[in-house]
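Below is one structure, written out as structure tokens, with a few remarks after it.
This chain uses plain numbering: 1 for the first residue, then up along the sequence. Counting convention: from 1, in listed order, for ligands and their atoms alike.
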Amino acid sequence: MDKIQINGGRQLKGEVLISGAKNAALPLIASSILVDGVSTFENVPRLMDISSIQMLLEDLGALCEFKGHTFTVNASGIDKIEAEYELVRKMRASILVLGPLVARFGRAKVSMPGGCAIGARPVNMHLSGLEALGATISIAGGYIEATAKGGLTGNEIYFDIPTVTGTENLMMAAVLAKGQTKLRNAAREPEIVCLADALNRMGANITGAGTPIIIIEGVSRLHGANCRVIPDRIETGTFMVAAAATMGDVLIRDCIPDHLGGVINKLRATGAIVDAFEDRIHIKGSEIIKNIDIKTLPYPGFPTDMQAQFMALMTIAQGNSVIHESIFENRFIHANELLRMGADIKISGGNIANVRGVSHLQGAPVMASDLRASASLVIAALIAQGTTVISRVYHMDRGYESIEKKFEGLGADIKRISS
Ligand code: EPU
């Protein structure tokens, strides 16, 4: 297993280009199942999670080609409706094939995703939504089986909690359903809007994406289209925090600052100077990092996927910061690793972290537990005195394209130790 070694203490300076968003690319690629033809997706990041969904689609019988950052799927040959355990267990987002398979083939069998390092992550709302569209659901032998012999029928679906992949799954299921589907209390993330735009390019009729009410008028078939993946707002935010934490001066290009309102606002509150333009952000870190409080919320609130990175920044802020994780029940595992680097963090009630700023962190061997936790450890290592070796970086490779090369380009002393 590869490791990342970082000698901390360097200010980040220069320019960095942002890749396409993993969490937008995955549903787009899954949506290709709906089309008896060829779909092309541009700006797809080269990541392990993309390889996982490629393997899954190929196992179903689709033909995939991934050249540069262009991903093409010919889904005409799909002759299998079962997403197997061995493929789904590598990536929870594989659940995204459930809606499209039932919509196109009237049947799907998908291994039930288990919990993961950040929480239990149930899929009950995906399943009750499909039932509302007329599918019969059963769970046996660790698999979800969904059947809708005569096809799905539009209906009103209310989500108890806005769920990102749940909204995506049901939007994809509803595009080929008979009649109208209304999704209420839908997730509003930019990735939802990206998927709705792509589906509309394929011939779907979706309005309201990006608001809590999405209306889908079913159509009889979709056709292939060329769609573009939006820039990764979490990768953008990660570089912003790294720049602020190292008192750096970084121009972040090919991003959409509009998707980062909560993050920009909080970084400014720490004292960083953030200038946002249409497709780029210039950030300069300040010598004194002010303490701030954060509560993670569904978009447009502060993203849970940026919580770990902000915790790393708050370890060297002046005073105390309170971080409230309200989306996932177990998303503070990185705190224990940050303690090993000299941070002062106390967790109370399971989802509140009290971070008392210290004068500096020290390098140490640490272990990544999930994707965003690994980004937080990289940021901590960049500011720490001495050398940090981060193991289990396969978590990071799931979601950050060429991360060590990008940080190296900004002047970080970082290298991958391959095993
Ligand atoms: N939830 C339920 N039942 C469901 C679905 C969700 O109770 O049927 C709960 C979850 O347990 C959680 C909350 O609803 O407490 C919101 O979860 P959501 O369904 O929105 O999460 P997700 O769709 O599984 C996506 C991203 C995550 C990101 C979350 C929250 C993808 C592929 N994954 O997950 O990304 O943290 O939304 O924004 O889009 C990451 O990239 O590192 C990552 C974990």
Check your understanding: Under 3.5 Å, is there a donor-acceptor pair between the side chain of Asn185 and the main chain of Phe159?
Key -> yes
Review point. Met125 to ligand 1: N or O pair under 3.5 Å?
Key: yes
Exercise for review: Give the atoms of ligand 1, by number and element, whose distance to some non-hydrogen atom of Arg121 is under 4.0 Å.
Suggested key: 11 (O), 22 (P), 24 (O), 27 (C), 34 (O), 44 (C)
Point to revise | ligand 1 N/O within reach of Glu189 N/O, cut-off under 3.5 Å | key: no
**Study point:** Donor-acceptor pair, side chain of Arg372 and main chain of Ala308, under 3.5 angstrom
**Key:** no
Revision key, fill the gap. for atom 19 (O) of ligand 1, nearest protein heavy atom and its distance come out as Thr163 OG1, 2.6 Å
Check your understanding: Counting N and O atoms only, with roles assigned by atom type, does the side chain of Glu65 sit under 3.5 Å from a partner on the main chain of Thr72, one being a donor and the other an acceptor?
Key -> no
Check your understanding: Relative to the heavy atoms of Lys22, which atoms of ligand 1 are at a distance of less than 4.0 Å?
Key -> 40 (C), 41 (O)
Point to revise | Short N-O contact, Glu191 and Arg233, less than 4.0 angstrom | key: yes
Revision key, fill the gap. heavy-atom search around atom 9 (C) of ligand 1 in the protein gives Ile161 CD1, 4.2 Å
Study note, to complete from the structure: Looking only at protein heavy atoms, what sits closest to atom 21 (O) of ligand 1 is Phe328 CZ, 3.8 Å
Exercise for review: Using a strict 4.0 Å cut-off to heavy atoms of Arg331, name the atoms of ligand 1 that fall inside it.
Suggested key: 36 (O), 42 (O), 44 (C)
Check your understanding: For ligand 1, which atoms have a heavy atom of His126 less than 4.0 angstrom away?
Key -> 8 (O)
Check your understanding: To which of Thr304, Val123, Ile327 does the heavy atom nearest atom 38 (O) of ligand 1 belong?
Key -> Thr304
Point to revise | Side chain Gln309, main chain Gly237, donor-acceptor under 3.5 Å | key: no
Point to revise | Atoms in ligand 1 flagged as close to Leu371, the criterion being non-hydrogen separation under 4.0 Å | key: 41 (O), 42 (O)
Check your understanding: Would Asp59 and Lys80 pass as an ion pair if we require N to O under 4.0 Å?
Key -> yes
Study note, to complete from the structure: atom 41 (O) of ligand 1: closest protein heavy atom, distance to 0.1 Å, is Arg372 NH2, 2.8 Å
**Study point:** Gap separating the CG atom of Asn23 from the CD1 atom of Ile234, nearest 0.5 angstrom
**Key:** 7.5 Å
Check your understanding: Counting only heavy atoms, which portion of Tyr299 has something under 4.0 Å from ligand 1: side chain, backbone, both, or neither?
Key -> neither
Check your understanding: Which residue and non-hydrogen atom of the protein lie closest to atom 7 (O) of ligand 1, and at what distance in Å?
Key -> Pro122 CG, 3.4 Å
Revision key, fill the gap. Of Thr296, Val164, Asn124, Leu297, the one whose closest heavy atom lies nearest atom 18 (P) of ligand 1 is Val164
**Study point:** Flag for Glu325-Thr296: side-chain donor and acceptor within less than 3.5 Å
**Key:** yes
Check your understanding: Would you say the side-chain atoms of Asn291 pair up with the backbone N or O of Ala317, donor to acceptor, closer than 3.5 Å?
Key -> no
Practice item. Can you pull out the closest protein heavy atom to atom 32 (C) of ligand 1? Residue, atom name and distance to 0.1 Å, please. Key: Asn23 OD1, 3.4 Å
Check your understanding: Do side-chain atoms of Thr147 reach the backbone of Lys149 as a donor and acceptor pair under 3.5 angstrom?
Key -> no
Revision key, fill the gap. Here the atoms of ligand 1 under 4.0 Å from any heavy atom belonging to Ala93 are 32 (C)
Check your understanding: Which one of Asp370, Ile403, Asp2 satisfies the side chain to side chain contact (heavy atoms under 4.5 Å, CB included) criterion with Met396?
Key -> Ile403
Review point. Who's closest to atom 27 (C) of ligand 1 heavy-atom-wise, of Asp305, Thr165, Asp370?
Key: Asp305
